[in-house]
Amino acid sequence: IILSIRAGDARTMKLHTEPLAIGALASETCELYSAAAEEKGLTLEFQMAGPDRILSVDRQRLQQALCNLLDNSISYTPGGGSIRVLVESDDARLTIRVQDTGPGLSESDPDRIWRRFVRGSAASASTPGIGLGLSLVQAIIRAHRGEVGAQNRPAGGAEFWMTLPVSRETT
């Protein structure tokens with residue numbers, strides 16, 4: 001993982017790209033996580049705003065990034081809560097948003113949580129992880145010439161997003 005993060009930071013991560021329907025990948029990934037969400041008493045919803053876009057991406061890496069975000073949301077969202085994965089796009093970018101009803105982020109979290117070995121303020125000794133997941137997400141998305149971000153949702157909880165340029169779109 002650390003080598004992948006370093007390669008992403010240096011913009012030397014090797015990608016094995018292929019044309020891929022991003023909404024279909026996100027939907028499939030949500031299906032993989034539905035049992036884990038249900039076991040914890042969470043509602044996991046997938047939503048797509050608009051038509052599915054086909055971009056040239058590394059399927060394994062992009063799914064790994066989305067899995068990291070879903071793992072975090074499931075870990076931090078208390079039972080009875082919900083997680084929504086939303087795929088949306090415009091003429092310039094495609095965005096995958098993971099929104100949850102967990103504890104949200106502290107004021108300093110949105111900038112620092114992307115650094116290696118840094119865990120968010122909601123992490124506790126019983127929460128699994130060592131602070132590499134979000135660094136890996138950032139490295140993967142940067143390798144695809146995209147961006148990542150996080151913020152608190154007005155209704156409570158957190159939202160993490162990954163944005164890819166539609167210049168990666170295939171015809």
- prompt: Is there a path of hydrophobic side-chain contacts, each under 4.5 Å between heavy atoms of I, L, V, M, F, W or Y residues, that connects L20 with F46?
  reply: yes
- prompt: Shortest non-hydrogen contact from N68 to G133?
  reply: OD1-CA, 3.5 Å
task: Check whether any side-chain heavy atom of Q63 lies under 4.5 Å from a side-chain heavy atom of R61, and answer yes or no.
output: no
query: For T101 and R153, what are the C-alpha separation, side-chain angles and deciding distance, and is it a side chain to side chain donor-acceptor pair (under 3.5 Å)?
result: CA-CA 8 Å; T101 57; R153 298 175 60 221; over 6 Å; no
- prompt: Just by distance, do the side chain of R59 and the backbone of L25 share a donor-acceptor pair under 3.5 Å?
  reply: no
field: Expected output: side-chain D100 to main-chain S73 donor-acceptor under 3.5 Å
entry: no
field: salt bridge (Lys or Arg N to Asp or Glu O under 4.0 Å) partners of residues 64-89, not counting sequence neighbours, each pair once
entry: E88-R97
task: Would you sort out whether Q99 and S82 count as a side-chain contact (heavy atoms from CB on, under 4.5 Å), showing the intermediate values?
output: CA-CA 8 Å; Q99 304 167 330; S82 64; over 6 Å; no
message: Tell me whether D52 contacts the main-chain N or O of A24 through its side chain, where contact means a donor paired with an acceptor under 3.5 Å.
response: yes
query: Roughly how far, to the nearest 0.5 Å, is the SG atom of C67 from the CD atom of Q60?
result: 10.5 Å
- request: Looking only at non-hydrogen atoms, find the nearest pair between S167 and R145 and report the distance.
  value: OG-NH2, 3.1 Å
query: Hey, are the side chains of V57 and I22 touching, using non-hydrogen atoms and a 4.5 Å cut-off?
result: yes
query: Hey, does Q64 have a side-chain heavy atom less than 4.5 Å from the side chain of I140?
result: yes
query: Checking side-chain contact (heavy atoms from CB on, under 4.5 Å) for the pair L164/L62: CA distance, chi angles, key distance, verdict?
result: CA-CA 10 Å; L164 301 171; L62 186 59; 4.1 Å; yes
statement: Between P78 and G102, the two heavy atoms sitting closest are CD-CA, 3.9 Å
field: F160 side chain reached by L134 side chain, heavy atoms, under 4.5 Å
entry: yes
query: Between V85 and E45, does a side-chain contact (heavy atoms from CB on, under 4.5 Å) hold up when you go through it step by step?
result: CA-CA 6 Å; V85 175; E45 171 192 2; over 6 Å; no
message: So W161 and Q151, do their side chains get closer than 4.5 Å, heavy atoms only?
response: yes
- line: When rounded to the nearest 0.5 Å, the distance separating CG of L15 from OG of S56 is 9.0 Å
Less than 3.5 Å apart, which donor and acceptor atoms pair up between the side chains of residues 36-44 and the rest of the protein, not counting sequence neighbours?
unit_1	atom_1	unit_2	atom_2	d
K40	NZ	I74	O	2.6
K40	NZ	S75	O	3.1
K40	NZ	T77	O	2.8

query: Which heavy atom of E31 sits nearest a heavy atom of S34, and at what distance?
result: O-OG, 2.8 Å
query: Can you find a side-chain donor-acceptor pair between R93 and T163 that sits under 3.5 Å?
result: no
- request: With side-chain contact (heavy atoms from CB on, under 4.5 Å) as the test, would you mind laying out the steps for L66 and L70 before giving the verdict?
  value: CA-CA 6 Å; L66 181 54; L70 282 168; 4.2 Å; yes
field: Sidechain-backbone polar pair: D58 side chain, H16 backbone, donor-acceptor under 3.5 Å
entry: yes
task: Check whether any side-chain heavy atom of V87 lies under 4.5 Å from a side-chain heavy atom of T95, and answer yes or no.
output: no
query: Any side-chain heavy atom of L69 sitting closer than 4.5 Å to one from M162?
result: yes
